[in-house]
Amino acid sequence: MNKQIKTDYMIKGMVEDFKKKPNQKLLDQIIGLKFKHIRLKKDITAEAVVQDNKIYFKTIYSLYKFEKGITTTTAKLFALSKYYKYDITQLFERLN
């Protein structure tokens, strides 16, 4: 199973859990995984993302922390949504 399929299944399961019992940590993990899924789908390396968003991500590990849901901030969320050209409202509609 490749990483794209694995993250897709993980997101679907987490969204179902979130709908049953919402909590902040799970939401952060869903957001991080969603952006990891987008990165993998567009075949963009983590190094390229960090290089193009130096203001928000100092190292590759800061991107990985975001994708794991450890350091999810609004600034990073909007920076990545603009970088990937992803409409965040789609994600939030799916969670409601």
Side-chain angles (χ1 to χ4, degrees):
M1 179 181 307
N2 68 19
K3 289 181 182 182
Q4 260 185 320
I5 295 170
K6 182 180 176 183
T7 55
D8 191 40
Y9 283 134
M10 288 175 64
I11 291 168
K12 287 178 183 176
M14 291 173 135
V15 167
E16 290 304 315
D17 284 349
F18 183 80
K19 286 180 180 178
K20 292 176 187 172
K21 186 177 178 186
N23 78 42
Q24 179 183 353
K25 187 175 180 178
L26 185 57
L27 179 62
D28 291 344
Q29 290 173 345
I30 292 169
I31 290 170
L33 272 177
K34 182 61 182 176
F35 281 97
K36 179 179 180 178
H37 182 69
I38 293 168
R39 180 174 62 81
L40 293 171
K41 190 174 181 181
K42 292 187 176 210
D43 199 30
I44 303 172
T45 63
E47 293 86 3
V49 174
V50 171
Q51 191 71 359
D52 294 340
N53 294 289
K54 289 181 182 178
I55 297 171
Y56 303 104
F57 301 102
K58 304 294 182 195
T59 65
I60 295 170
Y61 298 109
S62 62
L63 176 64
Y64 289 156
K65 284 183 180 179
F66 178 85
E67 290 178 347
K68 288 238 181 230
I70 298 170
T71 58
T72 305
T73 62
T74 308
K76 291 178 182 179
L77 174 66
F78 284 112
L80 286 179
S81 67
K82 185 177 178 183
Y83 180 72
Y84 295 137
K85 296 177 180 84
Y86 178 72
D87 185 18
I88 300 171
T89 56
Q90 294 174 353
L91 178 63
F92 293 123
E93 287 174 359
R94 185 174 170 191
L95 294 172
N96 285 330

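Note that the coordinates shown come from a computational prediction; the quantities given were computed from them, not determined experimentally.
Of the inter-residue distances, the one linking K36 atom NZ with Y64 atom OH reads 8.0 Å to the nearest 0.5 angstrom. Taken from CZ in R39 to CD in Q4, the straight-line distance is 11.0 Å, to the nearest 0.5 Å. Interatomic distance, CE of M10 versus NZ of K3, reported as 12.0 Å (0.5 Å rounding). Taking CG of N23 as the reference point, atom CD of Q29 lies at 8.0 Å (rounded to 0.5 Å). From T73, atom OG1 reaches atom CG of L77 across 8.0 Å, with rounding to the nearest 0.5 Å. With rounding to the nearest 0.5 Å, the separation of NZ in K65 from NZ in K76 is 8.0 Å.
Within 6.0 Å of NZ in K19 there are more than 12 heavy atoms belonging to other residues, nucleotides or ligands. For CD of E47, the number of neighbouring non-hydrogen atoms (other residues, nucleotides, ligands) closer than 6.0 Å is greater than 12.
Residue pairs satisfying the ring pair (Phe, Tyr, Trp, His ring centres under 6.0 Å) criterion with at least one member in residues 68-96, sequence neighbours excluded, are listed as follows: F35-Y86.
There is a path of hydrophobic side-chain contacts, each under 4.5 Å, that joins I38 to F57. Residue I44 is grouped with residue Y56 when hydrophobic side chains (ILVMFWY) are merged at heavy-atom distances under 4.5 angstrom, including chains of intermediate members. By the rule that hydrophobic residues join a cluster once side-chain heavy atoms approach within less than 4.5 Å of another member, Y61 and I31 end up as members of one cluster. Using a 4.5 Å cut-off between side-chain heavy atoms of Ile, Leu, Val, Met, Phe, Trp and Tyr, with links allowed through other members, I60 and V49 fall into the same hydrophobic cluster. Linking Ile, Leu, Val, Met, Phe, Trp and Tyr whenever their side-chain heavy atoms come within less than 4.5 Å leaves I30 and L40 in two separate clusters.
For the pair L80/L63, a side-chain contact is recorded, criterion being any heavy-atom separation below 4.5 Å from C-beta on.
A salt bridge is defined here as a Lys NZ or Arg NE, NH1 or NH2 lying under 4.0 Å from an Asp or Glu carboxylate O, and K12 with D8 meets this definition.
Remark: D87 engages T89 in a side-chain hydrogen bond (donor to acceptor under 3.5 Å, both in side chains) (not counting sequence neighbours). Listed by chain and residue number, H37 satisfy the side-chain hydrogen bond (donor to acceptor under 3.5 Å, both in side chains) test with T7 (two or more places apart in sequence, or in another chain).
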